[in-house]
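Worksheet: the structure to be examined is printed underneath.
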Amino acid sequence: MKIGILGGTFDPIHIGHLLLGEFAYAGFGLDEVWFLPNGGPPHKDYSSESVDYLAHRIKMVEKAIADVPYFKLSLAEAKKDVSFYTYKTMEYFKEECHGIEFYFILGADALFSIEQWRSFEKIFPTCTILAAMRENKDVDSMMEQIQYLKNRYDANISLLRAPLLEISSTTIRNRIQKHQSVRYMVPDNVIKYIADEDLYV
């Protein structure tokens, strides 16, 4: 079985996340893609976030992927006030899920900064890295970085060509706060949930 792992704060989840999961699923013959909401990502300050707000982020992911049978929700990192590191999570998956081949999905920027991650070299034995790139991204520099990581750390990395949209969760939150439309950026049922729960206002 082949499983893609797509982590993030999903604050909120948007169409760019879903497209990334879809193209990874189709492009690499995955059986499922697991969406992994972060409870307390080490690079962000979520100290003021309530437990309820973590629940909101989880609920939005549930709604966004509800109609896609091969998209699944994983709560492996959804714990309040706990900093999770990718290497630990992937080691956990590898140990607990025997016979599964994991594919960790990340963006081009992350590929170039991965050596700054905590114990990053421990990620490589647990999975294949799928490095997503925009169509207009410099393919040569991506391939050079992939080759460098392969040579130095014996990493298994493949290019994931996907339409990475210029959409960010920050932009979406700002637009909602200004009472501007986020239609086509966020799934309709997630937009309704945000409105019903008065999020980001």
Side-chain angles (χ1 to χ4, degrees), residues 1-11 13-38 41-43 61 64-65 68-78 84-169:
M1 194 172 188
K2 298 164 70 173
I3 302 293
I5 302 293
L6 182 56
T9 51
F10 302 121
D11 190 22
I13 189 168
H14 56 68
I15 204 73
H17 299 129
L18 299 172
L19 280 172
L20 203 54
E22 180 67 24
F23 273 72
Y25 171 80
F28 289 86
L30 305 183
D31 295 289
E32 294 177 353
V33 176
W34 294 355
F35 286 74
L36 198 70
N38 305 139
H43 60 289
V61 172
I65 68 175
V68 185
Y70 47 84
F71 282 176
K72 306 293 182 181
L73 172 68
S74 170
L75 299 179
E77 292 189 347
F84 288 92
Y85 293 95
T86 299
Y87 83 94
K88 277 284 191 185
T89 301
M90 294 310 301
E91 285 180 341
Y92 167 77
F93 282 148
K94 197 69 175 175
E95 185 176 330
E96 294 295 317
C97 306
H98 300 291
I100 291 180
E101 189 177 342
F102 286 102
Y103 292 75
F104 185 77
I105 304 163
L106 49 70
D109 293 343
L111 184 70
F112 285 91
S113 64
I114 196 168
E115 288 178 294
Q116 300 170 25
W117 296 14
R118 175 75 63 89
S119 299
F120 68 92
E121 70 280 359
K122 294 182 180 179
I123 299 170
F124 300 134
T126 66
C127 61
T128 296
I129 301 287
L130 299 185
M133 62 171 288
R134 295 177 176 84
E135 292 299 330
N136 62 351
K137 185 74 178 179
D138 184 355
V139 178
D140 291 340
S141 64
M142 286 285 289
M143 293 308 299
E144 285 176 11
Q145 179 68 359
I146 288 173
Q147 198 58 52
Y148 162 72
L149 293 171
K150 284 182 175 181
N151 291 342
R152 183 158 187 180
Y153 304 107
D154 197 28
N156 190 3
I157 307 172
S158 295
L159 276 181
L160 168 58
R161 295 182 181 271
L164 302 184
L165 306 180
E166 296 294 338
I167 299 174
S168 73
S169 295

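Heads up: numbering here begins at 1 and tracks the sequence.
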Should Val61 and Leu36 count as side-chain neighbours, where that means a heavy-atom distance under 4.5 Å?
no
Taking Phe28's backbone N and O only, do any of them form a donor-acceptor pair with Lys2's side chain (distance below 3.5 Å, no angle check)?
yes
Search all heavy atoms of Asn38 against all heavy atoms of Gly7 and return the closest pair with its distance.
OD1-C, 4.5 Å
Side chains of Asp154 and Phe124 in contact at under 4.5 Å (non-hydrogen atoms):
no
Check: Tyr25 ring centroid to Phe71 ring centroid under 6.0 Å
no
Report the C-alpha separation of Ser141 and Phe112 in whole Å, then their side-chain angles, then the decisive distance to 0.1 Å, and conclude whether the side-chain contact (heavy atoms from CB on, under 4.5 Å) test is met.
CA-CA 10 Å; Ser141 64; Phe112 285 91; 4.1 Å; yes
Donor on one side chain, acceptor on other, Asn156 and Thr128, under 3.5 Å:
yes
Between Cys97 and Phe102, is any pair of side-chain heavy atoms under 4.5 Å apart?
yes
Measuring from atom CG of Leu6 to atom CD1 of Ile105, what distance do you get when rounded to the nearest 0.5 angstrom?
5.0 Å
So which heavy atom on Glu115 is nearest to which on Tyr148, and how close?
OE2-OH, 2.7 Å
Could you tell me which non-hydrogen atom of Ala132 sits nearest to which non-hydrogen atom of Met142, and how far apart they are?
O-CE, 4.2 Å
Are side-chain heavy atoms of Ile129 and Ile123 found at a separation under 4.5 Å?
yes
Decide if atom CG of Asn151 counts as having more than 12 heavy atoms of other residues, nucleotides or ligands within a radius under 6.0 Å.
yes
What donor-acceptor contacts under 3.5 angstrom involve side-chain atoms of residues 87-94, with partners at least two apart or in another chain?
from	atom 1	to	atom 2	distance (Å)
Thr89	OG1	Glu77	OE2	2.4
Thr89	OG1	Tyr85	O	3.4

Using a distance-only test with no angle check, is there a side-chain donor-acceptor pair under 3.5 angstrom linking Glu32 and Trp34?
yes
Do Ser74 and Phe35 touch side chain to side chain, with heavy atoms closer than 4.5 Å?
no
Inter-residue atom distance Leu73.CG - Phe10.CZ, 0.5 Å rounding
9.0 Å
So Arg161 and Val139, do their side chains get closer than 4.5 Å, heavy atoms only?
yes
Quick check for you: to the nearest 0.5 Å, what is the distance between Leu111 atom CG and Met133 atom CE?
11.0 Å
Could you report the tightest heavy-atom contact between Ala155 and Lys150, atom names first, then the distance?
O-CG, 3.0 Å
Other residues, nucleotides and ligands only: do more than 12 of their heavy atoms fall within 6.0 Å of CD on Glu95?
no
Would Ile5 and Ile3 count as a side-chain contact (heavy atoms from CB on, under 4.5 Å) if you check the C-alpha gap in whole Å, the side-chain angles of each, and the deciding distance to 0.1 Å?
CA-CA 7 Å; Ile5 302 293; Ile3 302 293; 4.1 Å; yes
If I compare all heavy atoms of Ala64 with all of Ile13, which pair ends up nearest, and what's the gap?
CB-CG2, 3.7 Å
Shortest non-hydrogen contact from Ile157 to Ala131?
CG2-CB, 4.3 Å
With a 4.5 Å limit on heavy-atom distance, are the side chains of Phe104 and Thr86 in contact?
yes
